[in-house]
**Student:** 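Let me begin by handing over the structure; questions about it come next.
Remember, predicted model here, so these are calculated numbers, not experimental data.
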Amino acid sequence: MDTDVLVVGAGPTGLALGIDLARRGVAALVVEQAGALFPGSRGKGIQPRTMEVFDDLGVLDAIRAAGGPYPVGMIWQDGRRAGEHRMFDPAEASEDSPYTGPWMVPQWRTQQILRARLEELGGKVAFGREVVGLTQDADGVRAEFASGEPVTARYAVAADGGRSTVRRLLGIGMTGETVDPNPTLVADVRISGLDRDNWHVFPPGGDGDGFLAICPLAGTEDFQLVARFPEGTTPDLSLEGIWKVVAARSHLAPQAVTQVRWASDFRPRAALADRFRSGRVFLAGDAAHVHSPAGGQGLNTSVQDAYNLGWKLGAVLTGGAPASLLDTYEEERRPIAADMLALSTSVHRGETRRGEATRQLGLGYRDSSLTQETRTAPTALRAGDRAPDGELDGVRLFDAFRGPHWTLVAVGTKAPALPEPVHGVSGAEQATYSKGLFLVRPDGYVGWAGDTGDGLRQYLGRAGL
Ligand SMILES: Cc1cc2nc3c(=O)[nH]c(=O)nc-3n(C[C@H](O)[C@H](O)[C@H](O)COP(=O)(O)OP(=O)(O)OC[C@H]3O[C@@H](n4cnc5c(N)ncnc54)[C@H](O)[C@@H]3O)c2cc1C
């Protein structure tokens with residue numbers, strides 16, 4: 001085999017997976033059809049759970065430095081500021097959840113940061129490599145490219161976005177619906193004469209034209225312009241086309257827009273791949289689920305798909321875990337994606353506010369076959385839940401979890417002897433963890449919980465430990 005894992009697509013999913021595999025010493029190749037990384041801002045909201053994932057992947061400081069909080073919305077009417085609009089329900093940082101609101105970083109910048117981290121770990125992206133064919137047998141996968149030599153790998157991951165070629169080559173269908181038949185234009189623009197303290201919202205006027213919103217992109221001099229168009233029309237993505245929209249829907253002089261740096265249009269759909277796996281090939285990110293961007297879930301869910309799959313591929317390829325561990329990827333991620341689709345559609349239709357659910361901190365795997373709760377009287381934190389941050393005997397838990405290992409958290413009870421790859425942290429009873437033993441998976445979820453260490457060794461055997 002040329003490599004252990006072939007990752008198709010260098011979007012947020014492929015890059016995050018590349019990082020996770022590289023830090024586990026798994027040989028992986030990320031191939032990308034384009035000649036460079038994606039240049040647009042589209043997935044600009046990084047949710048608190050993804051901030052935690054980024055902390056573990058070693059990019060949090062760069063992500064923090066590159067972005068900023070979302071500005072407060074400002075509704076404009078007839079050229080006047082008509083009132084503020086709070087887009088997100090407020091949330092307070094706490095010891096167990098250090099990140100609160102979404103953090104704004106344009107997607108192109110996030111991808112640059114992920115790529116730099118991948119390269120720092122010795123990985124790389126092969127650009128100009130478009131996958132056009134894929135076959136597999138019991139031992140591996142063989143990918144054909146539009147140009148260049150084929151690549152063989154033990155596993156492949158389709159991280160090639162909503163129009164996934166790999167998904168089509170595998171014959172996996174998408175089931176879903178159109179969320180909004182009206183096309184939406186999204187563009188990164190330079191504008192003079194508009195302040196950067198607000199997300200400027202211009203509600204639809206009496207002329208029947210749709211809504212316009214212009215958001216300053218943190219860490220840049222650009223704004224993200226979003227405009228909804230009537231059904232059946234095709235938005236004009238040129239500078240002149242954007243001048244017309246700005247002239248018709250705002251008080252701004254059209255020429256205030258001086259540059260269009262990137263523009264695209266889309267019609268929101270909510271659809272889920274019928275399967276997330278076919279033999280040795282896995283679907284992740286937008287290749288597995290597409291939805292309205294309204295809830296700011298896509299990039300986040302995609303990165304978290306990669307985070308779920310990375311350690312399992314690593315455990316099977318280098319850690320001696322049984323191949324059946326990989327079955328839990330679809331088992332765990334498909335229900336999460338299905339719920340996320342419903343949430344995004346609901347936010348799009350104005351039925352749900354952006355708040356607790358969109359922050360993604362409550363997601364977990366309680367019903368997974370990989371989850372074992374053995375305590376006789378479980379407390380609020382159960383096996384399957386996200387392992388919260390906190391402090392135990394002077395050690396910050398997220399510091400203890402950071403890295404590709406498992407961690408046993410022993411709270412108010414003695415930890416049993418553990419195989420060497422499992423790290424340990426212990427301390428007196430505390431509020432979030434209460435009391436007990438909590439085995440935290442490499443992706444930061446409690447896999448197993450017990451009053452004593454009975455059954456812990458057998459559980460670890462499933463992960464090859
Ligand atoms: C307007 C808008 C706003 C959004 N806002 C948010 C937000 O606030 N928060 C959020 O979480 N998400 C948001 N999203 C969604 C987010 O952009 C996507 O979910 C995210 O990009 C998915 O990442 P991905 O890596 O799975 O796919 P992509 O980013 O689509 O990357 C796929 C990559 O695969 C490459 N590729 C495709 N075919 C092949 C092939 N055959 N061979 C090799 N390479 C291939 C592509 O060139 C591309 O680089 C938004 C989306 C839009 C459109």
Side-chain angles (χ1 to χ4, degrees), residues 1-32 53-54 56-59 114-126 129 131 134 136 138-143 150-160 166 276-285 287-288 302-330 332-333 370 401-407 419-423 441-445 447 460 462-465:
M1 296 291 164
D2 297 317
T3 189
D4 278 338
V5 183
L6 175 68
V7 180
V8 184
T13 309
L15 293 167
L17 183 60
I19 293 170
D20 206 7
L21 294 173
R23 70 181 181 145
R24 292 170 193 285
V26 176
L29 177 66
V30 182
V31 292
E32 166 59 47
V53 173
F54 281 169
D56 186 36
L57 295 181
V59 294
L114 293 173
R115 180 188 175 194
R117 177 68 176 142
L118 175 64
E119 289 178 349
E120 187 180 78
L121 291 164
K124 77 173 197 115
V125 179
R129 299 285 273 151
V131 171
L134 196 84
Q136 58 174 315
D139 299 320
V141 179
R142 178 186 163 95
V151 171
T152 54
R154 293 178 68 187
Y155 292 97
V157 179
D160 53 346
V166 175
F276 278 20
R277 178 180 187 180
S278 170
R280 292 182 161 269
V281 189
F282 299 85
L283 304 187
S302 299
V303 165
Q304 290 168 50
D305 286 347
Y307 196 52
N308 183 287
L309 185 56
W311 72 266
K312 293 174 183 173
L313 281 169
V316 171
L317 285 162
T318 65
S324 57
L325 180 64
L326 296 170
D327 295 337
T328 64
Y329 168 67
E330 170 170 326
E332 293 188 338
R333 293 307 295 172
L370 202 52
F401 299 160
R402 194 176 304 113
H405 54 269
W406 294 70
T407 310
E420 206 200 307
V422 180
H423 293 200
R441 306 178 354 174
D443 58 355
Y445 292 86
L460 284 168
R462 296 184 60 189
L465 295 167

**Student:** Got a sec, which residues hit salt bridge (charged side-chain N to carboxylate O under 4.0 Å, His left out) with Asp160, two or more places apart in sequence or on another chain?
**Tutor:** none

**Student:** Can you name the closest pair of heavy atoms from Val7 and Ala159 and give their distance?
**Tutor:** CG1-CB, 4.3 Å

**Student:** Out of Val151, Val26, Leu21, which residue meets the side chain to side chain contact (heavy atoms under 4.5 Å, CB included) rule with Thr3?
**Tutor:** Val151

**Student:** Does Arg24 have any salt bridge (charged side-chain N to carboxylate O under 4.0 Å, His left out) partners at least two apart in sequence or in another chain, and if so, which?
**Tutor:** Asp20

**Student:** Using modelled atom types only, decide if a donor and an acceptor are shared between the side chain of Asp305 and the backbone of Gly285 within a distance under 3.5 Å.
**Tutor:** yes

**Student:** If we only count heavy atoms from C-beta on, is the Arg23 to Asp56 side-chain gap below 4.5 Å?
**Tutor:** yes

**Student:** How long is the gap from CZ on Phe282 to CG on Leu326, to the nearest 0.5 Å?
**Tutor:** 4.0 Å

**Student:** Give a yes or no answer on whether the side chain of Gln136 reaches the backbone of Ser278 with a donor-acceptor pair at less than 3.5 Å.
**Tutor:** yes

**Student:** Give, for atom CG of Asp4 and atom CZ of Arg154, the distance between the pair rounded to the nearest 0.5 Å.
**Tutor:** 5.5 Å

**Student:** Of all residues at least two apart in sequence or in a different chain, which pass the salt bridge (charged side-chain N to carboxylate O under 4.0 Å, His left out) check with Arg441?
**Tutor:** Glu332, Asp443

**Student:** Return the NZ to CG distance between Lys124 and Leu29, rounded to the nearest 0.5 Å.
**Tutor:** 6.5 Å

**Student:** Where is the tightest heavy-atom contact between Pro442 and Pro404, given as atom of each residue plus distance?
**Tutor:** CB-O, 3.6 Å

**Student:** Examine distances only and state if a side-chain atom of Asp2 and a backbone atom of Thr152 form a donor-acceptor pair shorter than 3.5 Å.
**Tutor:** yes

**Student:** Minimum heavy-atom separation for Ala284 to Thr13, with atom names?
**Tutor:** CB-CG2, 3.6 Å

**Student:** Would you check if the side chain of Arg280 reaches a backbone N or O of Ala156 as a donor-acceptor pair within less than 3.5 Å?
**Tutor:** no

**Student:** Should Leu17 and Val157 count as side-chain neighbours, where that means a heavy-atom distance under 4.5 Å?
**Tutor:** yes

**Student:** Using a strict 4.0 Å threshold on nitrogen-to-oxygen distance, state whether Arg277 and Asp327 make a salt bridge.
**Tutor:** yes

**Student:** Considering only heavy atoms from C-beta outward, does the side chain of Val281 approach that of Leu134 to under 4.5 Å?
**Tutor:** yes

**Student:** For the pair Phe276 and Tyr329, name the ring-plane relationship: parallel under 30°, tilted 30 to 60°, perpendicular over 60°.
**Tutor:** tilted

**Student:** Compare every heavy atom of Gly25 with every heavy atom of Thr318, then report the nearest pair and how far apart it is.
**Tutor:** CG2-O, 4.3 Å

**Student:** Between Arg333, Lys312, Arg462, which is the residue that forms a side chain to side chain donor-acceptor pair (under 3.5 Å) with Thr328?
**Tutor:** Lys312

**Student:** Heavy-atom distance under 4.5 Å between the side chains of Leu118 and Val30, does that happen here?
**Tutor:** yes

**Student:** Would you say that Tyr307 contacts Leu57 through its side chain, given a criterion of any heavy-atom pair below 4.5 Å between the two side chains?
**Tutor:** yes

